[in-house]
Amino acid sequence: MPRYDAKRIEARWQEFWDEHATFKAAEPSDDTDKFYVLDMFPYPSGSGLHVGHPEGYTATDIVCRHARMNGKNVLHPMGWDSFGLPAEEHAVKTGTHPRETTKQNIETFRRQLKMLGFSYDWSRELATTDPEYYRWTQWIFLQLFDTWYDSAHEWTGPDGKLRTGKGRPVSELPIPADITDAGEEAVRRYQDKHRLAYISDAPVNWCPALGTVLANEEVIDGKSERGSHPVERVALKQWMLRITAYADRLAYELNDLDWPESIKLLQRNWIGRSTGAEVDFFIGDAGATGSVSAGVEDWKTTRSKGGWPAEPGDDVLRVYTTRPDTLYGATYMVIAPEHPFVDRLTTEEHKAQVVEYRRTASLKSDLDRTELAKEKSGVFTGSYAINPVNGEQIPIWVADYVLISYGTGAIMAVPAHDLRDFEFAVKFEIPIVQVVEPPASWEPTKDEAALTTEINGTKMTPFSAKGTAINSGEYSGTPTDDFKSKITDLLNETGLGQAAVNYKLRDWLFSRQRYWGEPFPIWHELDDAGNPTGLMRAETAASLPVLHPHMEDFKPTGTPQPMLSKATDDWLYKTDTDGTKLKRETNSMPQWAGSCWYFLRFCDNKNSEAFIDPALEKYWMPVDLYIGGAEHAVLHLLYSRFWHKVLFDRGHVSMVEPFQKLVNQGMILGDTDYNVPPEVFAANRDAIEAIGLEPLHLKVDDKEFVALRNPSPSADAYCPLTEDQVVKEKGKTILKGTTIELRGRTDKMSKSRRNVVNPDDVVRDYGADSLRLYEMFMGPLEQVKPWSMQGVEGVYRFLGRVWRMIIDDRAEDVILNERVTDAEPTDEQLRILHKTIKAVTADIDKLSCNTAISRMMEFTNFMSHEDSRPKSVLQPFVLLLSPFAPHIAEELWNVLGSEKSLAYEPWPTHDETLLVEDTVELPIQFNGKLKAKLQVPNGLNKAGMQAAAEADDAVKKQLAGKTVVKVIAVPGRMVNFVVR
RNA sequence: GCCCUGGUGGCGGAAUUGGCAGACGCACCAGACUUAAAAUCUGGGGUUCCGAUAGGAGCGUGUGGGUUCGAGUCCCACCCGGGGUACCA
């Protein structure tokens with residue numbers, strides 16, 4: 001019964017590939033080009049793969065299979081990003097160790113991926129939770145711990161251009177003399193302050209529900225990214241990674257990468273570099289006396305001699321501004337509620353108000369702060385500062401629209417030229433002084449216009465763009481850009497300010513309080529009383545990995561106390577060889593850690609001497625093609641680039657950037673066809689139950705609906721309706737017995753929406769080749785697109801046609817169709833074949849798999865009608881098909897007479913001369929409108945085309961009685977008569 | 001708000017980058033095979049108007065304008081969907 005039997009064929013070839021290790025990457029050698037193609041490795045969740053995973057995986061697999069046939073030495077690995085919260089949450093519920101859950105989930109994922117026939121080199125499989133893997137994650141952390149950023153260090157980058165700033169060993173950190181004099185302990189503390197991995201007690205995002213602290217990036221609208229739980233800001237000692245030191249290089253080194261411009265832009269915006277100036281405003285002993293003018297002149301004189309100090313000191317308030325040209329318009333200052341100067345600037349009279357304001361501000365979570373953002377709030381401290389350019393006294397306020405975490409946590413406010421300052425000044429009746437004249441053509445933006453206010457009888461509108469200076473003393477009349485550089489120079493000369501750069505990017509909060517993450521390889525020194533001294537010791541490389549302690553219970557502590565602090569004393573404490581008592585660091589690393597370097601380990605996953613062999617690193621890196629979801633466009637890609645640069649600076653890897661080419665696949669949407677509003681459900685309840693659907697009342701994003709599902713073995717999965725559950729009339733699909741029309745409405749696939757499509761179901765019904773083909777045929781890889789079961793049916797039918805084109809499906813055995821011959825191919829057959837080879841090859845290079853598949857459909861539609869189907873035409877076609885649908889292709893290749901797998905057969909090439917047709921259709925336009933088509937010999941020149949057109953009867957008829965003004969003939973395209 | 005995307009038949013999408021709009025597939029309709037169904041095969045179709053038919057004329061790529069012999073593609077303005085981000089001085 002040799003109908004196209006996907007199940008049999010796929011089992012056979014998957015076994016064959018396994019047995020022959022067909023896809024094992026070869027050892028490095030000089031005579032093959034390497035090609036490293038990487039998928040973003042998955043988190044092995046409990047619910048298994050969904051159809052979104054194989055989208056990118058199929059695309060990379062096609063590229064890899066194609067590359068092998070072109071003689072490349074391909075590295076195509078797969079692994080597991082297996083640390084993470086769900087396994088630990090499962091442990092809390094069931095008591096099953098996360099290690100067990102993780103192991104089972106990995107097995108499911110591996111089975112599902114193998115079932116899809118991806119050509120991974122499984123001998124390189126890795127899991128971030130494997131001690132032999134996280135041993136090296138801990139080792140890399142120690143490299144970060146042992147590195148400081150020398151921002152003055154100059155070196156030549158791989159592009160031959162001079163770079164400034166490089167990570168260097170802490171042992172090479174210059175120690176100031178007064179520190180050295182203060183003794184060894186002071187030196188160690190000084191070093192600790194400069195490490196790329198350091199401990200800070202800045203406010204952090206503590207999420208009680210998840211029992212952990214989160215990175216800024218994991219908090220969305222004041223709620224946790226995972227599960228949308230509320231997040232509070234609390235001060236805690238946490239590990240931070242100094243990614244901000246690399247901000248400039250992270251932005252600059254994007255330039256030469258073959259990434260989508262939109263992703264580069266996303267990263268650049270995230271880094272958010274801005275240039276401007278820092279300026280010191282004199283405050284003297286304001287707050288204590290309420291007066292500031294005393295001592296300004298002395299201070300200015302001292303400054304002009306001594307220059308700009310790195311630390312601002314107590315007598316000044318330092319601000320950051322991108323518009324130093326508006327200094328003359330600064331009419332007040334604002335410091336953040338958390339600013340260290342709040343207390344000393346607050347006068348007795350204002351104390352109560354300020355204390356109260358600060359208290360409310362600290363209680364506000366990030367969410368409140370965003371929600372209340374519409375209304376400006378703040379209080380006056382009672383103190384004043386001196387504007388350095390005009391000597392005026394301006395009041396200092398406290399307001400939460402200034403953030404402690406950006407710039408210096410203090411601003412000079414220029415209400416006339418900043419929208420936020422304008423709004424604040426209007427509310428608190430602070431003077432507004434215009435210092436920039438807008439260009440004549442200026443029209444207020446929507447935001448500017450919205451703020452327009454009448455003050456003392458004059459309408460005032462803020463203006464925040466560039467213009468010409470006014471009311472700015474001798475600088476009046478200077479254009480903005482010009483003024484900016486002049487005033488920066490002046491500030492620099494007088495020691496009152498300096499050009500400065502700021503980033504939105506913050507240092508990376510790198511510790512979590514969970515059990516199921518990498519333990520830190522760090523010990524804290526204890527004094528005789530058992531209290532931490534604040535000094536640390538790193539674990540030696542030889543003693544890694546630091547394994548997890550055994551734990552009986554995984555219940556969160558309910559406090560910011562880390563889970564690992566519940567470990568037994570023999571894990572927590574030890575006495576070092578010098579007699580110092582030590583306590584282990586009990587935080588663990590975030591899930592990002594393992595994914596920051598996994599692509600390196602794939603090159604050399606069994607090495608127990610080093611995290612990677614330098615020779616292998618040099619051979620395989622960089623990743624030539626990296627495909628994954630756009631949700632990692634910022635975080636994962638920024639973090640791993642950062643780690644890579646540190647490893648580069650420390651001489652452990654040979655390239656500054658790990659991922660040469662990046663492509664983001666678009667999300668696959670699920671059907672929400674069967675989700676109806678509650679009232680619609682109520683009206684049709686009986687009919688819905690009569691056809692056997694199970695109503696599920698759901699709530700997603702605060703919207704209630706009823707999901708109508710067929711009973712399904714897996715609770716999250718989507719089950720298509722059957723023929724007899726729907727009625728089709730006039731192109732509309734209506735649920736039987738109801739008025740519910742099922743239209744093509746789609747939404748993100750999610751557990752909570754119960755519209756997840758499970759690949760197991762698809763493979764069971766249609767086979768892996770059909771799933772792969774449909775994933776690619778749906779549309780462009782990078783685009784968002786909806787899943788359709790009928791679409792799978794379509795490509796399945798295509799494979800059936802391919803099968804019958806070559807195989808006799810009425811015979812008992814799998815034998816060739818009688819029309820498959822050894823005859824010489826006809827010119828037309830050759831032309832179609834070579835056209836297909838050309839198009840499919842070009843499409844794979846462009847990752848345009850959907851069009852490649854339609855080309856092969858066209859070939860099949862043509863060849864199925866040929867009475868004689870020469871093997872010499874079918875064989876190359878099967879090779880073309882093989883990257884897309886490898887199982888059926890191997891089977892057909894085999895039946896067409898080859899013993900070996902086709903995995904390393906040379907990729908077919910096309911012969912341009914065979915593509916030429918004898919006659920072509922020539923479109924004839926009149927004034928650009930198509931009026932006729934005629935058959936003409938191929939290769940006519942302009943004159944020939946015109947002559948052929950003019951000789952045609954239909955054209956003659958059109959031309960009759962008209963004057964030809966001009967004739968445009970484009971060889972191979974068309975002829976256009978411009979007539980009157 | 002700002003930034004990034006996208007908008008083409010009933011649906012998913014093609015269109016060599018300024019040159020025949022709708023490839024390929026789905027769904028739909030009709031026919032063949034069949035006792036029948038499934039499967040398979042064959043054919044059909046953007047739309048409006050004229051015509052009995054053959055055929056012909058007009059309009060069509062979110063909207064309005066522009067450039068051009070010629071625009072889905074380029075330019076200007078706007079509308080709508082999706083994603084990201086949000087007091088970053």
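In what follows, every chain begins at residue 1, and chains take the letters A, B, ... in the order their sequences are listed. As the structure is a prediction and not an experimental result, all values here were calculated from the model.
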How would you list, by chain and number, every residue that makes a ring pair (Phe, Tyr, Trp, His ring centres under 6.0 Å) with A/F877, sequence neighbours excluded?
-> A/F859
Contact class for A/L265 vs. all strands (heavy atom < 4.0 Å): base, sugar-phosphate, or nothing?
-> sugar-phosphate
Nearest to the side chain of A/N269, which nucleotide is it out of B/A89, B/G12, B/C3?
-> B/C3
Name the nucleic acid region contacted by A/H417, choosing base, sugar-phosphate or nothing; use a 4.0 angstrom heavy-atom cut-off, strictly under.
-> nothing
P spacing across the pair B/G64 / B/G82, given as an integer number of angstrom = 23 Å
Nearest to the side chain of A/N976, which nucleotide is it out of B/G25, B/C69, B/A14?
-> B/C69
Examine B/C26: is either OP1 or OP2 under 4.0 Å from a nitrogen or oxygen in the side chain of A/R797? Give yes or no.
-> yes
Has A/H865 got a side-chain N or O lying under 4.0 Å from the OP1 or OP2 atom of B/U42?
-> yes
Watson-Crick/G-U partner (both atom distances under 3.5 Å) of B/U42 = B/A30
Counting just side-chain N and O atoms, does A/N861 come under 4.0 Å of either OP1 or OP2 of B/G25?
-> yes
For the base of B/C69, is there a side-chain donor-acceptor partner from A/K966 under 3.5 Å away?
-> no
Go through the steps for A/F424 and A/Y332 under the test ring-ring contact (aromatic ring centres under 6.0 Å, His included), then give the verdict.
-> CA-CA 10 Å; A/F424 192 86; A/Y332 66 98; 5.4 Å; yes
Can you check B/G44 for me, syn or anti if syn means within 90° of 0?
-> anti
Tell me yes or no: between the side chains of A/Y406 and A/S274, is some donor less than 3.5 Å from an acceptor?
-> yes
Of the candidates B/G1, B/G19, B/A89, the side chain of A/V402 sits closest to B/A89
Answer yes or no: is there a donor N or O on one side and an acceptor on the other, between the side chain of A/D280 and the main chain of A/G497, under 3.5 Å?
-> no
Paired to B/U47 by Watson-Crick or G-U wobble criteria (both distances under 3.5 Å) is B/G58
Pair partner, B/A71 [Watson-Crick or wobble, under 3.5 Å] = none
